[in-house]
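The structure presented is a predicted model; accordingly, all values stated were derived computationally and were not measured.
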Amino acid sequence: MGYPALDVDNLSIYTNKSVAATEGDWIWLIAGEGSPREYYLRAVFKFHKYTPSEKPDFTHRLSGGFGQLFDPMPKLNEQPWLPDLLKSQGNFAFGFSQITQSEVLNGLRKVLEENKMA
């Protein structure tokens, strides 16, 4: 992204990719920081609005109104499904991409449930 995950302060992401999301799809914002890499869940939200980006490095902004920003961010490194997610996402080199593995999606939902804010 070019900036720390904690700088994300709303339920939106920026991308240069063609947007294949449809209204109601869940977007999971996962951040990798440091060396060695530590992975965290920064946000999850339901996509509902697509607009041109106001940031010069990106062309699209996807935002949602129902979801959660995590602070503190749940660490994902110990999750048994993380290696499969990293492999399928090219260690996140592909940017905004669909997650298709049911094991990973179930694991993310479990992390969400365990970290829901009241």
Original post:
Donor-acceptor pair, R42 side chain versus F70 backbone, under 3.5 Å?
Top reply: yes
**OP:** Taking all non-hydrogen atoms of both residues into account, name the closest pair between Q101 and S88 and its distance.
**Re:** NE2-OG, 2.7 Å
Original post:
Is E114 atom CD crowded by more than 12 heavy atoms from other residues, nucleotides or ligands, each under 6.0 Å away?
Top reply: yes
Original post:
Atom CD1 of I27 and atom NZ of K46: how far apart are they, to the nearest 0.5 Å?
Top reply: 12.0 Å
Original post:
Once you round to the nearest 0.5 Å, how far does CD1 of I30 lie from CE of M73?
Top reply: 11.5 Å
Subject >> N115 side-chain N/O to P72 backbone N/O, donor-acceptor pair under 3.5 Å >> reply: no
**OP:** Give a yes or no on this: more than 12 heavy atoms of other residues, nucleotides or ligands lie within 6.0 Å of atom OH of Y50.
**Re:** yes
**OP:** Could you pull out the closest heavy-atom pair between N77 and Y39, with the gap in Å?
**Re:** OD1-N, 2.6 Å
Subject >> Minimum heavy-atom distance P74-V111, with the two atoms named >> reply: CB-CG1, 3.8 Å
Original post:
Of the non-hydrogen atoms in L112 and V44, which two are nearest, and what is the gap between them?
Top reply: CD1-CG1, 3.6 Å
Original post:
Could you give the distance from OG1 (T100) to CG (L85), rounded to the nearest 0.5 Å?
Top reply: 9.5 Å
Subject >> Between CZ on residue F45 and CD1 on residue I13, distance to nearest 0.5 Å >> reply: 5.5 Å
Subject >> Nearest-0.5 Å distance that lies between atom CG in L105 and atom CH2 in W81 >> reply: 9.5 Å
Original post:
In terms of heavy-atom contacts, does CD of Q98 have more than 12 from other residues, nucleotides or ligands at under 6.0 Å?
Top reply: no
Original post:
With distance as the sole criterion, is a donor-acceptor pair present between the side chains of S97 and K17 under 3.5 Å?
Top reply: yes
Subject >> Nearest-0.5 Å distance that lies between atom NZ in K110 and atom CG in L108 >> reply: 12.0 Å
